[in-house]
Structure formats: structure tokens, C-alpha cells
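Proteins get letters first, then strands, A, B, ... in listed order; numbering begins at 1 in each.
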There are 2 protein chains.
Amino acid sequence: MSATKDGDSDTGAGRDGDEAAVSRFVERFAAEMTEAGMQRMASRVFASLLASDESALTSAELSERLQISPAAVSGAVRYLTQAGMVGREREPGSRRDRYRLHNDLWFETFTRRDQLLARWEKVLRDGVESLGPDSPAGLRIAETAAFMQFLDSELKGLMTRWHAHRETLDLGPRT
Amino acid sequence: MSATKDGDSDTGAGRDGDEAAVSRFVERFAAEMTEAGMQRMASRVFASLLASDESALTSAELSERLQISPAAVSGAVRYLTQAGMVGREREPGSRRDRYRLHNDLWFETFTRRDQLLARWEKVLRDGVESLGPDSPAGLRIAETAAFMQFLDSELKGLMTRWHAHRETLDLGPRT
DNA sequence: CGCTACTTTCACAAACTTGTGAAGTTAAGG
DNA sequence: CCTTAACTTCACAAGTTTGTGAAAGTAGCG
């Protein structure tokens with residue numbers, strides 16, 4: 001069925017795999033991310049980038065693949081760059097931007113996470129004061145704050161172990 | 001205004017700490033959770049329970065403290081119970097339900113997390129097929145799937161370490 | 001130096017979410 | 001059994017969010 005031919009494509013056999021199947025994957029994965037709390041368009045853009053061979057696409061490509069307006073791409077990209085999940089590059093002699101997934105994808109994402117944890121911890125520590133440090137509720141909240149702190153401290157080691165573990169997989173060098 | 005007196009309160013000095021301060025904490029913490037993606041009312045109910053001495057409140061108490069209708073409480077509680085973050089108890093000879101934070105709060109929450117991870121991993125593995133396991137995109141997605149699997153495996157050890165670490169804190173026995 | 005290709009911003013319409021009052025359901029207690 | 005307290009469901013109003021087309025900004029390239 002369908003679609004594998006694209007006219008000016010040059011790498012031959014299905015440049016990013018079977019288009020329909022890829023699109024299905026993109027939508028499925030995006031749906032999961034959306035359910036986990038990310039904006040819909042941002043999820044879709046992210047998933048598209050993840051599923052692209054270059055791990056980078058231009059605005060126009062995104063617009064076409066996802067069937068959305070340039071404005072929607074713009075909005076999604078703003079969100080993703082602010083969240084530090086995607087970088088923007090200008091191709092030297094051209095007026096196109098390319099949006100690129102950071103290589104160290106999950107590292108970047110988790111790095112931000114600890115700022116979040118720090119904020120939560122702060123709010124919780126203040127809460128202990130409000131409730132009285134010896135009340136049951138105060139103690140429970142102190143425990144929660146301690147948990148956040150613990151998580152924060154664990155994150156570093158976790159990423160180190162991931163990088164080590166990653167080496168043992170034969171996934172080839174980073175793209 | 002002060003509000004510390006509440007008429008039928010019996011434990012004396014501010015049953016759950018200074019009411020205004022507690023409410024402020026509840027709202028602040030709930031706001032953080034909301035920003036992180038949880039529904040507003042669910043966040044507020046959760047925060048209220050966290051800040052209550054019993055770690056449990058009745059529907060009426062929630063309704064009053066948060067100034068929301070019973071219907072809103074009902075909706076929030078449904079969400080929280082489905083997410084496994086809150087349990088429902090019926091007080092024996094009474095028609096009131098009490099909603100209770102699970103003791104092992106964070107353990108419960110993280111336990112669910114691995115189901116989420118498993119789902120993501122599944123979607124990703126399917127994606128590898130769609131993209132071709134040898135394409136750059138396929139490899140990247142395989143790496144992502146591997147990361148999810150890695151995270152899942154780490155979670156167990158993490159919670160074990162947390163429980164150990166928790167013992168070293170003088171927070172008294174579990175509530 | 002102006003043309004043109006690309007991107008962003010803006011105002012608005014559509015769609016979804018959220019919280020409410022009111023009616024409906026269940027079960028304790030007389 | 002009947003009453004009544006407590007919870008749930010339902011339909012809807014209010015408020016947000018989301019995505020779009022159109023206009024305005026930027027910057028390559030002739």
C-alpha cells in the first residue's frame with residue numbers, strides 16, 4: 001500500500017521506514033506523553049523528532065507530517081525549548097530553522113527535574129513550620145521533604161549508572 | 001484575622017497548626033502539583049490530606065476546608081483512588097466515608113509508575129519495528145526503550161534504599 | 001536596497017475541562 | 001419499612017486551553 005514513494009526522496013527504500021507505521025507510532029507515543037501531562041502538540045512534535053533519522057526536522061517538515069499550521073509548530077517548539085527538551089539551530093546559509101532533540105536527551109530532561117524537586121522541598125519545609133514540627137502532619141510532611149531530597153541525591157547516581165549501562169548495549173555511537 | 005479558636009476543638013492549641021498558615025501551605029503545595037500535571041481539585045484534596053493530623057478526612061471536612069461542593073470532592077476522590085494515591089474507608093457504624101492517604105505514600109505512587117513505564121516501553125519497542133531496527137531513528141528509539149527498562153529496574157532498589165534511609169531519620173514511627 | 005522565504009505574534013473560534021446545583025441512589029437507624 | 005444522612009451522577013454554565021488564519025516581523029539573496 002501506499003505512500004512509500006515520495007518523489008524527490010533519494011535514499012531509496014523508505015526514508016524513515018513505512019510512513020503510515022511511523023505516523024502510527026508517533027501518534028501512539030505522543031498520546032502517552034499527553035496523558036502524562038504534556039501539551040498535545042508539544043508531545044506530537046517531540047515524538048516526530050524522536051522518530052526522525054536526523055533527530056531534527058524543520059518547521060515545514062513538522063507542519064506537513066503532523067498536518068498542523070506553522071503557528072502550532074511555533075507554539076509547541078517554544079514550549080519544548082523552554083523545557084530544555086529541544087534545541088533550535090539555524091542552517092548556515094538558509095532561512096530555515098531546524099529543531100533538534102538534544103543528544104543527551106534523558107540527561108537534559110532529568111537535569112531540569114531536580115530544580116522541580118528543590119522547589120517542592122522548599123514548599124514542604126515551610127509547611128512543616130506551619131503545621132508545627134511535632135504534630136503528626138508536620139512529621140509526615142517533613143518525611144515527604146526528606147524523600148524529595150533523597151530523590152534529588154539519587155538522581156545523580158542514577159544517570160551515571162545509566163551512562164555506564166548504555167555502553168553495554170550495542171546501539172552504536174550517539175547520533 | 002486569627003481563627004485559631006474553633007469552638008468544639010478539644011486538643012487545645014491549634015488542632016492542625018495555625019489554620020491560615022496551613023491553608024496557605026495546602027494551596028501552595030497543591031499549586032505545585034497542579035503545575036506538574038495533576039487536576040486542580042485532586043491536588044488540593046491530596047494536599048489537604050497530607051496536611052491533616054490523621055492523614056484522613058471525611059468528605060464533609062474536605063468540602064468545608066477547601067470551600068468546594070460535595071460533587072467536586074467526589075470527582076477528586078475518584079481520580080485519586082483510581083491513581084492509587086488515596087484509599088476509601090467507611091467508619092463502621094456510620095454513613096461517612098473517610099479518605100485516607102496511604103501510609104506508604106510514595107511507595108504506592110511509585111509502584112504505579114512502573115506500569116506506566118512498561119506501557120511506554122511497549123510502545124517504543126513497537127516503534128523500533130516500524131522504523132526499522134537499523135535506522136538511526138530505530139536505534140534511538142531502542143535506546144529510549146532501554147532507558148525505560150533501566151529506570152524500571154532502578155526503581156526497586158531506589159525504594160529499598162529510601163526505606164533504609166528513612167530509618168536513619170528521627171521522624172518517629174509511621175502514622 | 002528591496003524581494004521573498006521563513007517564522008512569530010495576535011485575535012478569535014472551537015473544543016475541552018472544571019465545578020456547581022439538583023436529582024437520584026444507597027444504606028444506617030429508628 | 002420509612003426516614004434521613006451521605007455519597008454519586010447528571011446536565012449545564014463558566015472558564016481555559018488549543019489551534020487557526022492573517023498580519024507583522026526577520027533575514028538571506030539577488
Each nucleotide N or O in nucleotides 22-30 of chain C that has a protein N or O under 3.5 Å away: list the pair and distance.
{"unit_1": "C/dG29", "atom_1": "OP1", "unit_2": "B/Gly93", "atom_2": "O", "d": "2.9"}

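Residues that satisfy the salt bridge (charged side-chain N to carboxylate O under 4.0 Å, His left out) test with A/Asp97, not counting sequence neighbours, are A/Arg88, A/Arg90. Looking at residues two or more places apart in sequence or on another chain, you find a salt bridge (charged side-chain N to carboxylate O under 4.0 Å, His left out) between B/Glu154 and A/Arg161. A/Arg125 pairs by the salt bridge (charged side-chain N to carboxylate O under 4.0 Å, His left out) definition with A/Glu121, not counting sequence neighbours. B/Glu61 is linked by a salt bridge (charged side-chain N to carboxylate O under 4.0 Å, His left out) to nothing, counting only residues two or more places apart in sequence or in another chain. In this view, B/Ser74 satisfies the side-chain contact (heavy atoms from CB on, under 4.5 Å) rule with no residue, not counting sequence neighbours.
Between the axis at the start and the axis at the end of the helix from C/dC1-D/dG30 to C/dG30-D/dC1 there is an angle of 20°, using five pairs per end and rounding to 10 degrees.
Non-hydrogen atoms lying under 4.0 Å from DNA chain D are contributed by A/Arg40, A/Met41, all within residues 40-49 of chain A. Applying a 4.0 Å cut-off to non-hydrogen atoms, the residues of residues 74-85 of chain A that approach DNA chain C are A/Ser74, A/Arg78, listed by residue number.
A side-chain donor-acceptor contact under 3.5 Å links B/Thr81 to the backbone of B/Val77.
Between B/His165 and A/Phe150, the ring planes lie parallel to each other; the angle is under 30°, not in the 30° to 60° tilted range.
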When the side chains of residues 24-33 of chain B are checked against the rest of the protein, which donor-acceptor pairs come out under 3.5 Å, sequence neighbours left out?
{"unit_1": "B/Glu27", "atom_1": "OE1", "unit_2": "B/Arg44", "atom_2": "NE", "d": "3.2"}
{"unit_1": "B/Glu27", "atom_1": "OE2", "unit_2": "B/Arg44", "atom_2": "NE", "d": "3.3"}
{"unit_1": "B/Glu27", "atom_1": "OE2", "unit_2": "B/Arg44", "atom_2": "NH2", "d": "3.0"}
{"unit_1": "B/Arg28", "atom_1": "NH2", "unit_2": "A/Asp126", "atom_2": "OD2", "d": "2.6"}
{"unit_1": "B/Glu32", "atom_1": "OE1", "unit_2": "A/Arg119", "atom_2": "NE", "d": "3.3"}
{"unit_1": "B/Glu32", "atom_1": "OE1", "unit_2": "A/Arg119", "atom_2": "NH2", "d": "2.8"}
{"unit_1": "B/Glu32", "atom_1": "OE2", "unit_2": "A/Arg119", "atom_2": "NE", "d": "3.2"}

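Annotation: salt bridge (charged side-chain N to carboxylate O under 4.0 Å, His left out) contacts involving residues 76-87 of chain B, sequence neighbours excluded, are absent.
Nucleotides of DNA chain D lying under 4.0 Å from heavy atoms of chain B occupy a range whose first and last members, 5' to 3', are D/dT4 to D/dT9.
The distance between atom CG of A/Leu62 and atom P of C/dC6, rounded to the nearest whole Å, is 14 Å.
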